[in-house]
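Everything below concerns the one structure shown next.
Lettering of chains follows the sequences in order, A, B, ..., and the numbering in each one begins at 1.
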Number of protein chains: 2
Amino acid sequence: MVRAGLTAERLALAGAELADEVGFEQVTVSAVARRFGVTVASLYSHLRNSQDLRTRIALLALDELATRAADALAGRSGRDALTALANVYRDYAREHPGRYAAAQLRLDPATAAASAGVRHARMIRSILRGYDLTEPDQTHAVRLLGSVFHGYVSLELAGGFDHSAPDTQETWTRILDALDALLHTWPPPDPRPAPPPPPTPR
Amino acid sequence: MVRAGLTAERLALAGAELADEVGFEQVTVSAVARRFGVTVASLYSHLRNSQDLRTRIALLALDELATRAADALAGRSGRDALTALANVYRDYAREHPGRYAAAQLRLDPATAAASAGVRHARMIRSILRGYDLTEPDQTHAVRLLGSVFHGYVSLELAGGFDHSAPDTQETWTRILDALDALLHTWPPPDPRPAPPPPPTPR
DNA sequence: CTAGGCTGCCTAAAACCTTTAGGCAAACGC
DNA sequence: GCGTTTGCCTAAAGGTTTTAGGCAGCCTAG
């Protein structure tokens, strides 16, 4: 009986490949076992359960993405850094849609805190050093950038922009132009009376 | 034998409630059957399969969301319309996280075209009538607004903003301020040489 | 170099979800 | 009232998840 040499890391990597091929939703402990030519039960020596597998794939994706982002940011600042980072996210999602989906998995707080997610937040913040923002505006801007990057990439990947006319590449470029301009002239709070608070769910 | 009075619509509604309670991922044909006190097989007279159930929940959510959005937009324009629409998305996601997640389900093109998704696109575009944008900038702006709304709401819901300091309500308001300002002064294309095209996946 | 133990993958089995096929009884139309 | 349609049922097969227990390959010690 030849041993397959399974490890949690190898399983996560195989799961990531599978996710890119058939979608993160379809990644299952059984499917990964099949890919290794091994019975399902064998995987449970390496994984606590199927959520554990999904979590490991998510962590792998977050880490890969952070590494690419760090590489892209090296030596750049201001608008160059902004577009470089934005393109890392977009390109990664196009090359590895399954892994990108995995990176959106909701992690429990402890796992999230130990993940590469915090590196992502720091990198977005580092971009803002090229603009003249102080706290708390810097945090607002970090959240805006995160929202635009994630929102755009998700919608584009989901085919949300397929119907209408202009090329998505053109839109992407113009959005980055707009963000750059916005960060240069970050507006002060609007002086009008605060709107009534939103209906908070009970 | 008392009939339960199942219809596809009722099943979708029950599925939506279930999604809000336990998460869209956990919504299963079996769970919905259980909720009606009925055997699983009975549901297959009303649903083609489990994907059909999920799709119906997604369509229900998209429709509810579009109705709320239309109500909120009535009689408003410019910045008021912008914040009203944005708050509809955010509030809906907070009140109905499961349905909001369902609304992100990837639909096949035909279903998507017949869904309330197109109403959403039209409403975002209607907001831009309050600003001075012409095509193709209007489409770019529609995509930016969609990205920010969806991206922010997703990240907030996923707990992505839980760690850092400023209140998310404050950030949300300031982001809407910033978008309003940006739409008033939508920048022309950056004249610098176009970046090399992104590595397109083969 | 061989004996022991550890580890890795196995078989077996229970629980649950999905989906199809076929049956019986309630509801509806005439 | 009678027949047809329809709605929910039982039965069953196939897939995924997870646990328990076993056997053999590999590593280490003597």
Side-chain angles (χ1 to χ4, degrees), chain A residues 1-60 98-99 101-102 104-108 111, chain B residues 1-60 98-99 101-102 104-108 111:
Chain A
M1 181 201 313
V2 182
R3 298 199 174 184
L6 305 181
T7 65
E9 290 69 31
R10 259 178 241 235
L11 294 174
L13 185 57
E17 290 166 5
L18 201 53
D20 286 335
E21 292 164 20
V22 301
F24 185 57
E25 305 284 287
Q26 319 303 323
V27 174
T28 177
V29 179
S30 294
V32 173
R34 228 174 282 129
R35 177 170 275 237
F36 278 96
V38 146
T39 64
V40 193
S42 307
L43 272 62
Y44 282 84
S45 325
H46 305 277
L47 305 171
R48 261 200 311 283
N49 49 40
S50 79
Q51 185 56 37
D52 186 25
L53 172 63
R54 283 188 286 270
T55 300
R56 284 173 190 276
I57 298 171
L59 293 175
L60 180 149
R99 294 176 204 218
Q104 314 309 319
L105 185 69
R106 186 162 187 161
L107 303 173
D108 69 283
T111 311
Chain B
M1 181 199 314
V2 183
R3 297 199 175 185
L6 306 181
T7 65
E9 289 69 31
R10 260 179 241 238
L11 293 174
L13 185 56
E17 290 166 4
L18 201 53
D20 287 334
E21 291 164 21
V22 302
F24 185 57
E25 305 283 288
Q26 319 303 322
V27 174
T28 177
V29 179
S30 294
V32 173
R34 226 174 285 130
R35 175 170 277 236
F36 278 96
V38 146
T39 64
V40 193
S42 308
L43 272 62
Y44 281 85
S45 324
H46 305 276
L47 305 171
R48 261 200 310 285
N49 49 41
S50 77
Q51 185 56 37
D52 187 24
L53 172 63
R54 283 187 286 271
T55 300
R56 286 175 188 275
I57 298 171
L59 293 176
L60 180 150
R99 294 176 203 216
Q104 313 310 318
L105 186 69
R106 186 163 187 161
L107 302 173
D108 69 282
T111 310

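- Between the C1' atom of C:dT18 and the CD atom of A:E25 lies a distance of 16 Å, rounded to the nearest Å.
- Here D:dT17 presents its P atom at 13 Å from CD of B:Q26, a figure rounded to the nearest Å.
- Residues A:R34 and A:S30 have side chains that never bring a donor and an acceptor to within less than 3.5 angstrom of each other.
- Side-chain proximity of B:Y44 to C:dT19, C:dC10, D:dC8: nearest is C:dT19.
- Between the P atom of C:dT19 and the CG atom of B:L47 lies a distance of 10 Å, rounded to the nearest Å.
- Using modelled atom types, no side-chain atom of B:D52 and backbone atom of B:L47 make a donor-acceptor pair closer than 3.5 Å.
- In this structure, CZ of A:R35 is placed 15 Å from P of D:dT16, rounded to the nearest angstrom.
- Put simply, B:H46 has a side-chain N or O that comes within less than 4.0 Å of OP1 or OP2 on D:dC8.
- Between A:R34 and the phosphate of D:dG15, there is no side-chain N or O to OP1/OP2 separation shorter than 4.0 Å.
- Checked against A:V32 for a side chain to side chain contact (heavy atoms under 4.5 Å, CB included), the options A:L43, A:V38, A:L13 give a single hit: A:L43.
- B:E21 and B:R35 are joined by a salt bridge, as a carboxylate oxygen and a charged side-chain nitrogen come within less than 4.0 angstrom of each other.
- Atom CZ in B:F36 sits roughly 12 Å away from atom P in D:dC9 (whole-Å rounding).
- Between the CG atom of B:L43 and the C1' atom of D:dC9 there is a distance of 13 Å, rounded to whole Å.
- Proximity note for B:A41 (side chain, C-beta onward) versus C:dT18, C:dT19, D:dT10: the nearest is D:dT10.
- In the set D:dT16, C:dC9, C:dT18, the nucleotide with an atom closest to the side chain of A:L6 is C:dC9.
- Rounded to whole Å, the distance from CD on B:Q51 to C1' on C:dT19 is 15 Å.
- The listed nucleotides are C:dC10, C:dT19, D:dT16; the one nearest the side chain of B:S50 is C:dT19.
- Set against C:dC9, D:dT10, D:dT18, the side chain of B:T39 has D:dT10 as its closest nucleotide.
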Yes or no on side-chain hydrogen bond (donor to acceptor under 3.5 Å, both in side chains) for B:T111 and B:D108, after CA distance, side-chain angles and deciding distance?
CA-CA 5 Å; B:T111 310; B:D108 69 282; 2.5 Å; yes

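- Closest to the side chain of A:S45, from the set D:dT18, C:dC9, D:dC8, is C:dC9.
- Rounded to an integer number of Å, the gap from CG of A:L53 to C1' of D:dT16 is 13 Å.
- When distances are taken from the side chain of A:T28 to each of C:dC17, D:dC8, D:dT16, the shortest belongs to D:dT16.
- Side-chain proximity of A:V29 to D:dT17, C:dA12, D:dT10: nearest is D:dT17.
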